[in-house]
Enquirer: 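First, the structure itself, so that you have it in front of you.
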Number of protein chains: 2
Amino acid sequence: MKVTINDVAKLAGVSMKTVSRVINKEPSVRKKTYDIVMDAVNTLNYQPNLAARNLAGTSSFTVGLVYDNPNAYYVIDMQNGVLSRCKEEGYELVIHPCNYLDGNMEEDFKTMIKRSRLAGLVLTPPLSEQNSIIDMLDEMGIHYVRVLSGRPTEEDQDTCIYVNDYAAAYEITSHLLSLGHKSIGFLCGDKEHKSTTERLEGYQAALKDHSISMNDELIYEGQYSFESGVEGAKALLGENNPKNITALLGGNDEMAAGALFASRLMGIEIPQQLSITGFEDSPFSRQTWPKLTTAHQANDVISQHAARLLFRKTRGARNQDKDIITTFTPSLVVRESSGPTTA
Amino acid sequence: MKVTINDVAKLAGVSMKTVSRVINKEPSVRKKTYDIVMDAVNTLNYQPNLAARNLAGTSSFTVGLVYDNPNAYYVIDMQNGVLSRCKEEGYELVIHPCNYLDGNMEEDFKTMIKRSRLAGLVLTPPLSEQNSIIDMLDEMGIHYVRVLSGRPTEEDQDTCIYVNDYAAAYEITSHLLSLGHKSIGFLCGDKEHKSTTERLEGYQAALKDHSISMNDELIYEGQYSFESGVEGAKALLGENNPKNITALLGGNDEMAAGALFASRLMGIEIPQQLSITGFEDSPFSRQTWPKLTTAHQANDVISQHAARLLFRKTRGARNQDKDIITTFTPSLVVRESSGPTTA
DNA sequence: TAGAACATTGACAGCGTTGTCATTTTAACT
DNA sequence: AGTTAAAATGACAACGCTGTCAATGTTCTA
């Protein structure tokens with residue numbers, strides 16, 4: 001019933017070490033031997049036992065995905081991406097949600113690592129931006145790949161996957177500008193997040209390039225939540241929209257949805273009286289009314305590349321994956337929540 | 001740096017087997033010995049190595065969570081619930097998203113099980129309802145716990161956690177009835193899902209108890225998706241709402257949101273002209289406008305109990321967790337999408 | 001064609017636990 | 001106190017694999 005490396009070895013007529021070499025794709029196995037062994041592997045439908053591999057080897061076959069993110073869509077996408085690569089490479093994934101504010105994060109990490117020695121970690125924002133965590137991991141000698149907001153200029157392409165929020169925000173803002181909007185509000189997330197400052201700078205750069213003067217009063221800092229989107233829209237639009245805002249950039253889809261909600265309460269027609277845009281293209285940007293214009297962020301693809309990058313680091317010479325993309329730029333998706341100014 | 005069971009044994013002045021007994025909470029360890037060992041465990045901050053335990057032991061310390069569900073909120077909640085129990089009990093979780101239509105599910109399962117022998121599986125709908133899968137698992141001798149839609153009458157309380165959708169639908173429908181609605185439409189999911197028939201029967205029972213005659217034309221079968229909610233509302237409400245529908249029961253929040261969207265397109269005011277209710281109380285039932293009246297389903301708690309049930313089965317005598325709840329009834333949450341009939 | 005250099009394979013220990021079974025200690029009886 | 005049963009502990013192999021290093025095969029050089 002249970003087939004081990006020995007069974008394969010016996011059937012192939014080689015030592016178990018040779019089978020081990022084959023399944024680990026080690027060099028210096030004759031092509032012919034390789035084929036014989038693979039035949040045996042296939043006829044027996046052999047699956048190497050992960051526990052044994054992790055115990056015996058110096059390297060491990062489990063990777064961790066660490067996140068502290070309230071956005072279910074985001075987490076699922078990241079998870080699926082990493083998982084799909086793991087499956088292909090025979091790794092297993094242990095997920096590790098955590099709460100940065102908990103404080104005992106360090107202990108938490110250590111426990112996780114002791115329990116199952118890890119090949120490496122995929123870190124997602126906002127954890128991936130926390131220097132204290134990075135330092136800790138470096139100190140512990142743990143491999144990791146960070147997914148974070150940034151631009152191609154930042155060249156740590158061995159451990160980072162960048163999401164170019166700057167460019168995406170620039171594009172969305174340009175879209176709004178080309179529609180004729182001049183007074184564009186920005187509902188940003190909290191400034192602790194790198195994505196917030198990146199998106200903000202993209203927004204500002206676009207305005208500048210279109211010779212529109214900046215106005216800090218058009219910027220509202222929230223927390224990337226639906227509620228703060230509601231609050232932000234109320235704050236910015238005020239009683240009678242004194243700032244003559246005709247478009248609102250949501251820091252993410254949730255905030256945009258919140259703004260949509262608030263507009264409704266205030267009796268504002270979207271997009272006739274106000275354009276609203278989101279960010280990320282999560283499923284519910286398609287489930288609002290009207291549907292949100294947003295920037296599509298391919299989280300599943302991003303996380304797949306993050307996993308590939310991790311495997312490349314982890315397995316050194318055995319894996320020279322060359323086609324890893326390390327910078328992703330979310331792309332504009334125009335839907336019904338944005339339109340030309342009527343003014 | 002790396003502390004093993006031997007280090008603990010040495011410090012405690014006992015054999016490693018005794019330490020093993022202590023960390024596994026085996027009986028027949030003297031209280032005094034137990035304390036000494038635990039002290040050593042704590043001062044050394046010992047964490048048993050999972051790979052070694054899985055390899056050496058007959059039982060395993062990893063559980064699997066299997067799902068084929070497009071709802072990110074649901075999956076995350078289930079995951080977190082199971083994970084929190086795993087953490088407490090020292091288990092690790094491997095998640096296994098799958099696509100039932102893929103066909104090669106069986107192979108898939110077998111591979112997963114071979115790679116890391118599993119203590120057991122937590123199955124979520126719709127997989128948990130698939131008899132072919134259950135049979136397969138029984139045949140393979142794999143422990144599992146199923147989370148599925150059902151009522152207390154069904155008494156497989158050793159392997160099943162029931163979500164009483166029937167009662168919840170009854171309650172929601174009653175809520176609508178008490179508001180004065182008489183012609184209530186139902187946007188149900190596809191009938192393949194047990195939750196669909198359960199919710200449908202609850203709806204029908206409530207109507208019956210209020211002496212309202214049934215009308216199959218008030219029922220639209222969709223797929224639990226936003227889009228099918230849109231379609232359903234259009235179909236039911238038609239050109240001029242010929243059926244005089246004043247309330248619409250969504251099979252889940254997404255369908256309700258879809259119905260909300262469609263109503264908007266048709267210029268129908270919610271809740272003045274039409275009440276709409278959801279099911280599940282997922283985050284976006286709070287992010288629609290108006291917010292959805294729905295039935296709160298505590299998925300995280302449900303999955304925690306599922307995990308506990310699994311552990312009880314798995315560890316037999318060593319674990320006699322008695323406070324496991326095996327039936328959960330989602331509870332009505334009244335928000336702004338439902339109101340009295342104006343007719 | 002001998003010998004060196006290199007490529008390929010194998011024997012065996014060891015990874016950190018748990019299971020088995022033997023041994024020692026304690027408790028419970030005459 | 002002496003015996004016996006039961007409880008508590010320990011010694012050691014085994015889990016299925018990989019790392020190390022030695023052994024064998026192959027190819028190349030002169």
Side-chain angles (χ1 to χ4, degrees), chain A residues 1-10 12-37 40-41 44 46-62 90-92 113-119 314-318, chain B residues 1-10 12-37 40-41 44 46-62 90-92 113-117 119 314-316 318:
Chain A
M1 186 68 230
K2 192 193 292 172
V3 16
T4 77
I5 201 172
N6 260 306
D7 303 320
V8 178
K10 222 165 286 170
V14 298
S15 76
M16 70 182 183
K17 179 69 229 200
T18 297
V19 177
S20 171
R21 288 195 178 95
V22 169
I23 62 176
N24 286 295
K25 298 210 195 329
E26 288 179 30
S28 78
V29 173
R30 201 164 307 174
K31 174 77 169 68
K32 199 174 140 198
T33 316
Y34 180 91
D35 291 338
I36 295 173
V37 171
V41 165
L44 293 180
Y46 168 68
Q47 286 292 337
N49 177 301
L50 261 170
R53 296 230 271 187
N54 282 340
L55 186 56
T58 59
S59 61
S60 138
F61 284 84
T62 104
Y91 279 67
E92 102 187 319
I113 285 148
K114 277 185 199 168
R115 289 239 276 247
S116 25
R117 195 160 33 71
L118 295 175
T314 300
R315 312 221 283 186
R318 281 184 206 170
Chain B
M1 188 68 233
K2 192 194 294 171
V3 16
T4 77
I5 201 173
N6 260 306
D7 303 321
V8 178
K10 221 165 287 169
V14 298
S15 76
M16 69 183 183
K17 180 68 231 201
T18 297
V19 177
S20 171
R21 289 196 177 94
V22 170
I23 62 176
N24 286 296
K25 299 212 196 324
E26 288 179 30
S28 78
V29 172
R30 199 163 311 173
K31 175 78 169 68
K32 198 174 141 199
T33 317
Y34 180 90
D35 292 338
I36 294 173
V37 171
V41 165
L44 292 180
Y46 167 68
Q47 286 292 337
N49 178 300
L50 263 169
R53 292 176 102 176
N54 282 341
L55 184 57
T58 61
S59 61
S60 138
F61 284 84
T62 102
Y91 279 67
E92 102 187 319
I113 284 147
K114 278 186 198 168
R115 289 239 274 247
S116 23
R117 194 161 33 72
T314 301
R315 312 219 283 188
R318 281 184 206 170

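In what follows, chains are A, B, ... by sequence order, proteins preceding strands, each numbered from 1.
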Enquirer: Could you pull out all residues at least two apart from Asp35(B) that satisfy side-chain contact (heavy atoms from CB on, under 4.5 Å)?
Expert: Lys31(B)
Enquirer: What is the separation between atom NZ on Lys31(A) and atom P on dG25(D), rounded to the nearest whole Å?
Expert: 23 Å
Enquirer: Among all residues two or more places apart in sequence or in another chain, which pass the side-chain contact (heavy atoms from CB on, under 4.5 Å) test with Ser20(B)?
Expert: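 Per chain and number, Ser20(B) pairs via side-chain contact (heavy atoms from CB on, under 4.5 Å) with Ile5(B), Lys17(B), Asn24(B).
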Enquirer: Base, sugar-phosphate, or nothing for Tyr46(A), non-hydrogen atoms under 4.0 angstrom?
Expert: sugar-phosphate
Enquirer: Picking from dT9(D), dC17(D), dT18(C), which would you name as closest to the side chain of Ile5(A)?
Expert: dC17(D)
Enquirer: With Ser60(A), which residues qualify under side-chain contact (heavy atoms from CB on, under 4.5 Å), at least two apart?
Expert: Asn54(A), Thr62(A), Arg117(A), Ala119(A)
Enquirer: With a 4.0 Å heavy-atom cut-off, tell me which residues in residues 15-23 of chain B come close to DNA chain D, sorted by residue number.
Expert: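 DNA chain D contact set from residues 15-23 of chain B: Ser15(B), Met16(B), Lys17(B), Thr18(B), Arg21(B).
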Enquirer: Closer than 4.0 Å, any side-chain N/O of Thr33(B) to the OP1 or OP2 of dT9(D)?
Expert: yes
Enquirer: Using atom CG of Asn49(A) as one end and atom P of dA14(D) as the other, report the distance to the nearest whole Å.
Expert: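 About 18 Å, once rounded to whole Å.
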Enquirer: Take atom CD1 of Ile36(A) and atom P of dT8(C), then tell me their distance rounded to the nearest Å.
Expert: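 These atoms are roughly 14 Å apart.
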Enquirer: Would you please name every residue forming a ring-ring contact (aromatic ring centres under 6.0 Å, His included) with Tyr91(B), sequence neighbours left out?
Expert: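 If we apply the ring-ring contact (aromatic ring centres under 6.0 Å, His included) test to Tyr91(B), skipping adjacent residues, the hits are Phe61(B), Phe311(B).
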Enquirer: So which protein N/O to nucleotides 4-7 of chain C N/O distances come out below 3.5 Å?
Expert:
none

Enquirer: If an axis is fit to five pairs at each end of the helix from dT1(C)-dA30(D) to dT30(C)-dA1(D), what is the angle between the two, to the nearest 10°?
Expert: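 That helix gives 30° between its end axes.
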Enquirer: Under 4.0 angstrom, heavy atoms only, what part of the nucleic acid is Lys114(B) near: base, sugar-phosphate, or nothing?
Expert: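 Lys114(B): no heavy atom of the nucleic acid under 4.0 Å.
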Enquirer: Taking only N and O in the side chain of Lys2(A), is any of them less than 4.0 Å away from OP1 or OP2 of dC15(D)?
Expert: no
Enquirer: According to side chain to side chain donor-acceptor pair (under 3.5 Å), who are the partners of Arg115(A), at least two apart in sequence or on a separate chain?
Expert: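 Side chain to side chain donor-acceptor pair (under 3.5 Å) list for Arg115(A), sorted by chain: Gln47(B).
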Enquirer: For Ala12(B), what residues pass the side-chain contact (heavy atoms from CB on, under 4.5 Å) criterion, not counting sequence neighbours?
Expert: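 Ala12(B) satisfies side-chain contact (heavy atoms from CB on, under 4.5 Å) with Val14(B), Ile36(B), Val37(B), Ala40(B) once adjacent residues are dropped.
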Enquirer: Does the side chain of Val41(B) reach to within under 4.5 Å of the side chain of Val22(B), using non-hydrogen atoms?
Expert: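 Heavy-atom side-chain distance check fails, nothing below 4.5 Å.
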Enquirer: Rounded to whole angstroms, how far apart are CZ on Phe61(A) and P on dG16(D)?
Expert: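 These atoms are roughly 17 Å apart.
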Enquirer: To the nearest Å, how far apart are Asn54(B) CG and dC15(C) C1'?
Expert: 14 Å
Enquirer: Given atom CZ of Arg53(A) and atom C1' of dC15(D), what is their separation to the nearest angstrom?
Expert: 16 Å
Enquirer: Please state how far atom OH in Tyr34(B) lies from atom P in dA7(D), giving the value in whole angstrom units.
Expert: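 Value for this atom pair: 20 Å.
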Enquirer: Can you tell which of dG19(C), dC15(C), dC17(D) lies closest to the side chain of Thr58(B)?
Expert: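 It is dG19(C).
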Enquirer: For dT18(C), does OP1 or OP2 lie under 4.0 Å from any side-chain N or O of Asn24(B)?
Expert: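 Yes, because at least one side-chain N or O of Asn24(B) sits under 4.0 Å from OP1 or OP2 of dT18(C).
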Enquirer: Please report the distance, rounded to the nearest Å, between CG in Asn6(A) and P in dG16(D).
Expert: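 Asn6(A) atom CG is separated from dG16(D) atom P by 9 Å.
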